Novice: 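Sharing a structure below in structure tokens format, with a few things to ask.
Residue numbering restarts at 1 for every chain, and letters A, B, ... go by the order of the sequence lines. Just so it is clear, the model here is predicted, and its values are computed rather than measured. What you see below is based on every heavy atom in this structure, not just the backbone, and it leaves out hydrogens, waters and symmetry mates.
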2 protein chains.
Amino acid sequence: MSHQAEADRVLRSLGRACLEHDPDVLRSVLDRVGDKWSLILIGLLDKGPMRFTELLRTAPGISRRMLTLTLRSLERDGLVKRVIYPEIPPRVEYEVTPFGRTLSEPVLALTRWAADNQDTIRANRHAFDKAAGFDTDDLD
Amino acid sequence: MSHQAEADRVLRSLGRACLEHDPDVLRSVLDRVGDKWSLILIGLLDKGPMRFTELLRTAPGISRRMLTLTLRSLERDGLVKRVIYPEIPPRVEYEVTPFGRTLSEPVLALTRWAADNQDTIRANRHAFDKAAGFDTDDLD
DNA sequence: TGACTTGGTCACCATGAGGTGACGGAGGAG
DNA sequence: CTCCTCCGTCACCTCATGGTGACCAAGTCA
């Protein structure tokens with residue numbers, strides 16, 4: 001067990017040393033999914049395929065234009081697949097590709113972090129703002 | 001082992017069912033760190049404390065204004081600590097707090113994803129653009 | 001008396017991301 | 001004959017993000 005644990009630690013530190021938050025790589029992923037809607041849509045579609053209008057109703061506040069644009073760029077990157085059913089009225093479903101699903105994991109990690117820590121952040125902000133607003137306690 | 005594996009899967013699916021990419025939570029984390037520089041700075045500072053001008057030189061393309069603004073908001077959220085050394089000329093160091101370091105993990109996961117998959121994305125884009133640009137092969 | 005350093009702040013401006021509302025076409029319902 | 005639904009596209013406009021360059025304090029060096 002200590003063998004396993006140590007090997008794990010070594011591997012982890014190796015990975016860390018090799019990759020180390022490269023700003024340029026980070027920039028590239030942010031350019032891809034750092035916009036207002038990409039990750040939201042990936043998240044929604046992760047639960048199962050959805051129709052255009054369904055996404056429009058489900059994603060809080062997205063416009064038709066941005067939905068189209070974002071879906072196109074996701075499709076272009078191979079993260080989402082567009083399936084057309086030639087019916088009348090037309091039906092189009094979007095689904096996450098297996099490739100897209102690999103992105104879903106780190107995103108979920110981030111969401112989890114946010115869920116776990118939003119209270120802490122709120123408290124920190126409150127404290128910071130109070131301290132900046134008036135430092136009555138360190139004046140006499 | 002199969003016990004362990006199954007317990008793991010159950011836990012995972014529970015976590016998934018409970019959290020499930022909540023769009024609002026995702027939105028909140030994106031509002032916090034989805035800007036142009038926050039994650040970059042967190043990434044840089046993760047390697048150790050840095051001075052203002054040092055960050056200015058190291059972060060590719062950031063302006064003084066945005067560096068100040070981003071550092072302030074990170075400090076406000078308790079992700080980064082500002083340490084002033086009252087010397088002349090002034091010296092200020094920024095370091096990631098333990099809290100900030102917890103964010104560093106999911107960010108690293110995302111960076112790792114980007115590093116692993118940027119080639120795939122490039123290929124997908126190329127294919128998509130070629131298909132959209134001219135479909136000479138399915139015309140006769 | 002300047003010029004140089006660090007760590008900012010401020011006013012101004014440009015860009016582009018993203019929202020709004022109109023239009024479309026093909027068919028079905030009233 | 002008109003209106004509805006679905007899945008978009010297009011032109012237009014707004015507003016927030018973020019860049020630029022000037023300025024500042026305070027001490028040191030020449």
Novice: Given atom CZ of B/Arg64 and atom C1' of C/dA11, what is their separation to the nearest angstrom?
Specialist: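 Going from B/Arg64 (CZ) to C/dA11 (C1'), I get 14 Å.
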
Novice: In whole angstrom, what separates A/Ile62's CD1 from C/dT20's C1'?
Specialist: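 Atom-to-atom, A/Ile62 to C/dT20, this comes out as 14 Å.
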
Novice: Just the rounded figure in Å: distance from C1' of C/dA17 to CG of A/Leu30.
Specialist: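 Atom CG in A/Leu30 sits about 16 Å away from atom C1' in C/dA17.
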
Novice: Applying a 4.0 Å non-hydrogen cut-off, can you work out what A/Ser63 is touching in the nucleic acid: base, sugar-phosphate, or nothing?
Specialist: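 The answer is base, as A/Ser63 lies within the cut-off (heavy atoms under 4.0 Å) of a base atom.
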
Novice: Checking all strands, does B/Tyr94 fall into the base, sugar-phosphate, or nothing category for heavy-atom contacts under 4.0 angstrom?
Specialist: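 Answer is sugar-phosphate: B/Tyr94 comes under 4.0 Å of backbone atoms only.
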
Novice: Within less than 4.0 Å of OP1 or OP2 of C/dG8, is there a side-chain N or O belonging to B/Arg82?
Specialist: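 So the side-chain polar atoms of B/Arg82 do come within 4.0 Å of the phosphate oxygens OP1 or OP2 of C/dG8, strictly under.
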
Novice: Is the distance from OP1 or OP2 of C/dT6 to the nearest side-chain N or O of B/Arg51 less than 4.0 Å?
Specialist: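 Answer no for this pair, as no side-chain N or O of B/Arg51 is under 4.0 Å from OP1 or OP2.
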
Novice: Atom CD1 of A/Ile88 to atom P of D/dC7: distance rounded to whole Å?
Specialist: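 The answer, rounded to whole Å, is 11 Å.
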
Novice: On DNA chain D, compare the nucleotides closest to B/Asp35 and A/Pro89; which residue's is nearer the 5' end?
Specialist: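 Looking at the nearest nucleotide for each, A/Pro89 comes out on the 5' side.
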
Novice: With nearest nucleotides of DNA chain D determined for A/Arg72 and A/Pro90 from heavy-atom distances, which residue corresponds to the more 5′ nucleotide?
Specialist: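 The answer here is A/Pro90.
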
Novice: State, without any angle test, whether A/Ser38 and A/Asp35 hold a side-chain donor-acceptor pair at a distance under 3.5 Å.
Specialist: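 On atom types as modelled, these side chains qualify, holding a pair under 3.5 Å.
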
Novice: Report the distance from atom CD of B/Glu87 to atom P of C/dG7, rounded to the nearest whole Å.
Specialist: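 Result: 10 Å.
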
Novice: Counting C-beta onward and ignoring hydrogens, is there a side-chain heavy-atom pair between A/Phe99 and A/Leu79 closer than 4.5 Å?
Specialist: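 Sidechains of A/Leu79 and A/Phe99: in contact.
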
Novice: Among the nucleotides C/dG7, D/dG8, D/dG19, which one has an atom lying closest to any side-chain atom of B/Lys36?
Specialist: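 Between C/dG7, D/dG8, D/dG19, the one nearest the side chain of B/Lys36 would be D/dG19.
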
Novice: Give the rounded distance in Å between these two atoms: CG of B/Leu56 and C1' of C/dG7.
Specialist: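 Taking CG of B/Leu56 and C1' of C/dG7, I get 10 Å after rounding.
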
Novice: Would you mind reading off the distance between B/Leu69 atom CG and D/dA16 atom C1', rounded to a whole angstrom?
Specialist: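 My rounded result for the distance is 12 Å.
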
Novice: Quick one: does any side-chain atom of B/Thr70 pair with a main-chain N or O of B/Leu67 as donor and acceptor, under 3.5 Å?
Specialist: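 Here the side-chain-to-backbone pair does not exist.
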
Novice: Kindly indicate whether the side chain of B/Leu71, heavy atoms from C-beta on, has any atom under 4.5 Å from the side chain of B/Phe52.
Specialist: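 They are in side-chain contact.
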
Novice: Nearest whole Å is fine: how far is D/dG8 C1' from A/Arg65 CZ?
Specialist: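 Distance check: A/Arg65 CZ to D/dG8 C1' gives 13 Å.
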
Novice: Side-chain contact, heavy-atom cut-off 4.5 Å: A/Asp24 with B/Pro60?
Specialist: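 Yes - at least one pair of side-chain heavy atoms lies under 4.5 Å apart.
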
Novice: Just call it for B/Arg91: base, sugar-phosphate, or nothing, with non-hydrogen atoms closer than 4.0 Å on any strand.
Specialist: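 Sugar-phosphate, no base atom in range.
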
